Amino acid sequence: MSSSGSTVSVVGAGLAGAACARELARLGVPVRVLERGRAPGGRLASPQLHGRRVDLGAAYFTVRDPEFDAVARRWQAAGLARPWTDTLYRLAPGESPQAKPGPMRWAAPDGLRSLARAELAGIEVQLRMPVTELPDGPTVLAMPDAQAARLAAVPEPVDYRPVIAVALAFAQRHWPFADGAFVHGEPLLGFVADDGARRGDGAPVLVVHSGPELARAHLHEPDGAVAPMLAALRGLFELAEPEWTHAHRWSFAQPAGQHRTTFHLSRSADGQLLGFAGDQWCPDGAPRVEAAWRSGTDLARAIAASW
C-alpha cells in the first residue's frame with residue numbers, strides 16, 4: 001500500500017531522527033521533523049555556557065561502519081568533525097592515571113550538536129513542538145524507548161541508566177591526563193572529558209559524567225550532584241576550585257540493553273506506518289552515536305521501499 005501524498009513526521013531531532021529525515025529526503029519521501037527542545041541534537045547536546053559551547057551529552061563518536069565512515073569524512077571535509085584521540089586514560093583511587101589505547105574517537109569543533117544540524121539542512125524542522133499523541137500519517141519515533149512508550153507500544157522496550165553531566169571551568173588546565181578518562185572504583189563518576197582538548201580550543205573546561213546511582217538521587221535537582229562529584233574528582237587528583245559549574249540531567253542517557261534489529265517498522269490496520277529508531281536499536285556492538293545514525297538511515301530506507 002503506497003503512502004504517496006503523505007508526509008512522514010519524524011519525532012525527535014537527535015542523530016537518529018536527523019539521519020532518518022536526511023535519507024528520506026534524499027530518496028524523495030516528503031518529511032518533516034518535530035522536536036520538543038529549543039535546538040536539534042538530542043543527546044548530542046552542546047549548549048553555550050559562558051560564551052562557549054560545551055558538549056554535555058555524548059562524549060565523542062567512533063567509526064566502524066564503512067558507510068558511516070563516509071559520513072564522518074564528509075563532516076570532516078566540511079570542518080564539522082575531526083579525529084580527536086585514540087588514547088583515553090583510566091583513573092582509579094590510589095592509582096596513577098594509566099593511558100589506554102583504543103579506537104579513534106572523533107569530536108566536533110562546534111560541538112556534536114552541529115552534526116545533527118548539518119544532517120537537517122534543507123529539511124523542515126519544527127522546534128519547541130512537544131508531541132503528546134501520534135501525529136496523523138506515517139510517523140517515526142526517534143527517541144529513547146521510555147519516551148516513545150508515551151506515544152505508542154514499543155516492541156520489547158529496553159531500560160535506561162541516567163547520568164548527570166557537570167561542566168567545570170577553571171582558570172587554567174591542571175589535570176594529570178590528556179583528553180579524557182574512564183573512572184574505575186569510584187561509583188559517583190563514570191567518565192571525565194577535557195572539553196578544551198576535545199573541542200580543540202584548549203579551554204580549561206572539564207565535563208564529568210556521573211554514575212547512575214548518583215544521577216537517580218539527583219534527577220529532580222541536578223545541581224545537588226555538583227559537590228559530591230567534585231569531591232570524588234578530588235579523591236582521584238588535585239583540582240582547584242572551579243570558576244563556574246553547570247549541571248545537566250539525562251534521565252535516559254544510556255540504554256541498559258539493545259534491540260535485535262536496527263529499527264522497527266509496522267503498518268497499522270488502517271495502513272499507517274509507524275517506525276522506531278535510536279541508538280538502542282543496535283544488534284551488533286554497543287549503543288553509540290554511530291548506532292543512532294545506522295538506525296535512522298536503515299529505517300528511512302525501509303520506509304522508502306514501502307512508499
Side-chain angles (χ1 to χ4, degrees), residues 1-35 37 39-44 58 61-81 106 108 110-127 129 131 134-143 148 259 261-267 271-284 287-307:
M1 179 183 297
S2 172
S3 298
S4 297
S6 300
T7 295
V8 177
S9 296
V10 176
V11 184
L15 188 58
C20 185
R22 180 186 177 95
E23 187 68 3
L24 285 171
R26 187 186 73 83
L27 294 171
V29 178
V31 61
R32 64 171 181 163
V33 177
L34 307 176
E35 166 58 44
R43 281 173 285 167
L44 301 184
F61 69 90
T62 54
V63 178
R64 292 169 172 81
D65 184 312
E67 193 175 3
F68 186 63
D69 181 75
V71 174
R73 300 300 172 182
R74 167 165 59 81
W75 290 336
Q76 183 181 20
L80 296 172
W106 288 63
D110 197 33
L112 289 173
R113 175 180 288 167
S114 65
L115 306 181
R117 289 186 186 275
E119 295 306 280
L120 290 168
I123 294 170
E124 178 189 353
V125 180
Q126 299 178 26
L127 300 174
M129 287 289 293
V131 176
L134 281 179
D136 293 333
T139 300
V140 167
L141 300 181
M143 59 187 69
H259 293 281
T261 57
T262 60
F263 66 92
H264 179 82
L265 180 63
S266 62
R267 192 183 290 273
Q272 179 177 358
L273 285 170
L274 177 61
F276 298 89
D279 63 343
Q280 70 276 27
W281 294 90
C282 175
D284 300 315
R288 52 174 61 92
V289 172
E290 180 177 29
W293 176 89
R294 179 83 270 167
S295 175
T297 301
D298 285 353
L299 176 54
R301 291 171 182 171
I303 291 172
S306 64
W307 200 249

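Note that the structure is predicted; figures quoted are calculated from it, not measured.
- Here the straight-line distance linking atom OG1 of T62 with atom CG of D69 works out to 11.5 Å at 0.5 Å rounding.
- By the salt bridge (Lys or Arg N to Asp or Glu O under 4.0 Å) test, D284 pairs with no residue at all, sequence neighbours left out.
- T7 is not listed as a side-chain neighbour of E124, based on a closest heavy-atom distance of 4.5 Å or more.
- Counting heavy atoms from C-beta on, the side chains of L273 and S306 come closer than 4.5 Å.
- You'll find the side chain of V33 stays beyond 4.5 Å of the side chain of P40, heavy atoms only.
- Under the ring-ring contact (aromatic ring centres under 6.0 Å, His included) criterion, W106 pairs with F61, not counting sequence neighbours.
- Going from atom CH2 of W293 over to atom CG of D279 covers 14.5 Å, rounded to the nearest 0.5 Å.
- Contact annotation: the side chain of F276 never approaches that of S295 to less than 4.5 Å [non-hydrogen atoms, C-beta and beyond].
- In this structure F263 satisfies the ring-ring contact (aromatic ring centres under 6.0 Å, His included) test with no other residue, sequence neighbours excluded.
- With sequence neighbours excluded, the residues forming a salt bridge (Lys or Arg N to Asp or Glu O under 4.0 Å) with R294 are D65, E67, D298, listed by chain and number.
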Under the criterion side chain to side chain contact (heavy atoms under 4.5 Å, CB included), I'd like the reasoning laid out for E119 against W75: C-alpha separation, chi angles, the key distance, then a yes or no. CA-CA 10 Å; E119 295 306 280; W75 290 336; 3.0 Å; yes
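- Using a 4.5 Å heavy-atom cutoff, the side chains of L134 and L141 are in contact.
- For Q272, the side-chain contact (heavy atoms from CB on, under 4.5 Å) partners at least two apart in sequence or on another chain are T139, S268, D270.
- For E290, there are no salt bridge (Lys or Arg N to Asp or Glu O under 4.0 Å) partners at least two apart in sequence or on another chain.
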